Amino acid sequence: MPITVSGMASGINTHEMVEKLVELEKAPIERLQQSEKSLKAENEALEELRRKTKKLQDSLRTLSGFEAAFEQKKVISDPPGFVEGIANKKALPGNYKIEIIALASSLAFSSKPINKDLRIKGGRLVFNNKSAEFKGGSLSEFRDFLNKYFKDDIGATIVHLQQDQSMLVIESKKTGRNSELKIEDPDGLLNELDMYKSGPPQLESQEKKNPPEVFSLLFDKKDLKVHKGQFGLSPDKKTLELKANSLVEMDLSRNPDIEKFAKLRFSFEPKKKEAEHNKKQSPLFLEEGYTETIQIRGIELSTYTIARGGERPAPPKTSKTTVTVVYDGEEETKEVDTATEIELSLKKTPKGLRFSSAGQEVLVANLKALPQETTSPSTSEKGEFPHLIRKGQNARIRFSGVEMERESNEDIKDLLEGVSLNLRKASPGEEIEIRIVANSDKALEQIKSFVEAYNELITYAQDSTRSAEIKEVGKFHEMKQKQGILVTNATVRSLIQGLKMHVSNPYPSSKEPRFRILADIGITTGAIGAKWEDISRGLLQINEEKLQEVLANHPLSVKELFVSDTNSDNRPDNGFAYTTEKFLEPYTRLTGGIITTQINNNKEKLKQIAKEIEKVEQHAKTYENKLKQKFGYMEANVAKQKATGKFLSDRLNPPKKED
């Protein structure tokens, strides 16, 4: 490529002249780039506005939807540490009493002390019909084997007794009476460790030799006191006949074995009426029987039969009766049905037993007292545990005066509707108070999240629509830099005005104390006496003490302020959170939303600007090439003219020869 020097022939700097002429052609690009920059900044601001609006909408949707925590409850126990619980919306506030007589426990048994050098032989083991083969090894290897193959049923640990002695402990994973294990030890692995003895259980044979003592109690007239009504006795004194609506008390204090009583067992039966004879067998009811159809000369006729019957058997009746155990200084009453066997656990030595019949005669029979159970070796279906740590037993509780059992200490859901209780510690003889109260913590957190999102949106909108103050002549562009990027955007202003209107609006209320505006629950735009500049900004403030108080005492009224069903169709249709969330929905919608439409319009403008910039740049490049070509021709012509002039000058004015 030949080297060219600008202006060599003409003496003019054509390169600089071309650059300046091209810059003039590119002047529209700077304006287009400035518009592009403004549109990008506006879109970023609109994206942030939509994000903050969506955050506010989500917080309002939480307050108006199923996640709203206005009706949440919590369980408080007094004294603490005995019972824990979780309450849901269905739980009814109230105070309840529970006595934890005993916790549910799992079966646990151990081996004899084992030397650390002992090697356990190999063999097969079966726990609850699951079989596995042990290859033999140390005590720790045997423990790992049990935890690997029977982890769903048992847990095995090693307890170090001395430096050279340890003990293997096996515990059932389940609690309650059903925690007993079905064990098969055909190769004697557990038997070698003195943990389990196969074969007929010793306990069964011992019980056959020495059956547990049971005290049969007779009804003696001298021990019976009539408070109301009448009673009768069978000849063998084993049955007490209570007339209808009678109340009879039996004195137990003179029984020589009373200190041994742990349970009382007896039965209630309704007295059977004697059959009535020689009644007329006339029908006592008439009713329509089956239908018959006949045809006479092509005409179909229908008729029905009459069914006759005697006295219909009456449904079996049950009579509510009460049994009261009388202690020294207190009583315990239990309501029971007739035709059932009753077993009462005694808290302490009883003084008497009181029977009350209702609308029909009942028989109390087979009254027996059972002694306190003694700890005996626990047995499985096929053997016993010589080193028993504890038997599997159910949790025993007394709730609302009624004693009952549960297999587990965890997740007891059938005592109180909507409440799951976990028993943590036994309290025999002591009643624990359970209170179901409103749990305002989560609702307070949700309301705070809404206020935070609202204030964020208001603050951002005010900053992005801030107008510049022109204080000095000639500094318009400098001052304009301080105005908000969305200062001319009418959408932002309508959004903020609508929000402030919803905040100040009243809403329908039917539940006392009828909260109708946010200020009623402690949410305002400023305290009384605050500066107008602060109030006019429209930011929300929370009086947390007042809000906690209304959430704790009137949760449903607070809920109705945020979301309500005014036409009883089980669908929300009013309330601050509901209506405000619906108001924001057109602004946050990603398809066809107000803010989204503006963002998309700006993107189309940016595409058009990019095309315009590309078009101007292409024109400037073409224009530059033309200028360079024209100036090149000019330089060539000037150079040619200069060469011709020099030639003519040399011809017309030849140099003179010297003499």
Side-chain angles (χ1 to χ4, degrees), residues 99 101 213-255 257-258 260-279 284 310-371 396-405:
E99 177 188 350
I101 302 171
E213 187 176 9
V214 176
F215 306 99
S216 295
L217 304 180
L218 301 178
F219 296 103
D220 197 321
K221 283 188 177 181
K222 64 181 180 181
D223 295 329
L224 297 174
K225 179 181 178 181
V226 178
H227 292 277
K228 182 174 67 173
Q230 295 178 327
F231 73 89
L233 292 177
S234 64
D236 58 3
K237 298 183 179 182
K238 292 183 178 181
T239 302
L240 172 67
E241 179 183 328
L242 291 178
K243 303 299 182 182
N245 302 313
S246 295
L247 179 62
V248 177
E249 183 172 341
M250 180 179 183
D251 185 5
L252 299 176
S253 61
R254 288 194 291 270
N255 193 296
D257 299 310
I258 192 170
K260 301 177 183 178
F261 291 179
K263 292 182 179 180
L264 293 174
R265 182 185 297 159
F266 46 89
S267 63
F268 274 97
E269 298 177 4
K271 186 179 179 181
K272 298 179 180 178
K273 295 183 179 180
E274 296 181 2
E276 297 184 12
H277 299 285
N278 302 321
K279 279 192 172 183
L284 295 183
E311 182 178 2
R312 288 189 175 94
K317 294 182 179 179
T318 59
S319 174
K320 291 289 185 181
T321 61
T322 60
V323 180
T324 302
V325 182
V326 181
Y327 298 104
D328 188 9
E330 66 174 309
E331 298 178 354
E332 182 180 13
T333 300
K334 183 177 183 180
E335 188 179 80
V336 295
D337 289 332
T338 56
T340 59
E341 186 175 72
I342 309 301
E343 184 173 287
L344 298 177
S345 295
L346 304 174
K347 297 192 294 185
K348 52 185 178 180
T349 303
K351 297 295 183 183
L353 196 59
R354 190 180 302 142
F355 304 98
S356 174
S357 66
Q360 66 172 329
E361 298 181 10
V362 294
L363 303 178
V364 185
N366 300 320
L367 178 59
K368 296 179 181 180
L370 285 72
R396 293 173 53 214
I397 57 179
R398 184 175 285 107
F399 185 77
S400 298
V402 180
E403 184 173 327
M404 57 194 73
E405 296 185 359

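Worth saying up front: this structure is predicted, and the values here are computed from it rather than measured.
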Shortest non-hydrogen separation from Met250 to Leu218 and the atoms involved: CE-O, 3.3 Å

Just say parallel, tilted or perpendicular for the rings of Phe261 and Phe215, cut-offs at 30° and 60°. tilted

Just wondering, more than 12 heavy atoms not from Asp236 lying within 6.0 Å of its CG? yes

Closer than 3.5 angstrom, by distance alone: can the side chain of Ser357 be matched with the main-chain N or O of Ser246 as a donor-acceptor pair? yes

Say you draw a straight line from CZ of Arg398 to CE of Met404; how long is it, rounded to the nearest 0.5 Å? 10.0 Å

Rounded distance [0.5 Å steps], OG1 in Thr322 versus CG in Leu247: 7.0 Å

Which heavy atom of Tyr327 sits nearest to which heavy atom of Thr349, and what is that distance? CD2-O, 3.7 Å

Separation between CZ (Arg354) and CD (Glu331), nearest 0.5 Å, reads 4.0 Å

Determine, stepwise, if the pair Asp251 / Lys225 fulfils salt bridge (Lys or Arg N to Asp or Glu O under 4.0 Å). CA-CA 8 Å; Asp251 185 5; Lys225 179 181 178 181; over 6 Å; no

When rounded to the nearest 0.5 Å, the distance separating CD of Gln230 from NZ of Lys243 is 7.0 Å

Closest non-hydrogen contact found for Ile258 with Pro350 is CD1-O, 2.8 Å

Is the shortest side-chain N to carboxylate O distance from Glu330 to Lys348 below 4.0 Å? yes

For the atom pair CG (Leu233) and CG (Leu240), what is the distance rounded to the nearest 0.5 Å? 6.0 Å

Any side-chain heavy-atom pair from Ile397 and Ile101 closer than 4.5 angstrom? no

Return the minimal non-hydrogen interatomic distance between Ser345 and Lys263, and the atom names on each side. OG-CE, 3.7 Å

d(Phe355 CZ, Glu249 CD) to nearest 0.5 Å is 10.0 Å

Would you confirm whether the ring centroid of Phe219 sits within less than 6.0 angstrom of the ring centroid of Phe266? no

For a side-chain contact (heavy atoms from CB on, under 4.5 Å) check, start with the C-alpha distance between Leu353 and Leu367, then their side-chain angles and the critical distance, and finish with the verdict. CA-CA 11 Å; Leu353 196 59; Leu367 178 59; 4.1 Å; yes

Can you check whether Val323 reaches Val364 side chain to side chain, under 4.5 Å on heavy atoms? no

Over all heavy atoms of both residues, which pair between Thr333 and Thr324 is shortest? Give the atoms and the distance, please. OG1-OG1, 2.9 Å

Nearest heavy-atom pair of Lys228 and Asn245: which atoms, and what distance? CE-O, 3.3 Å

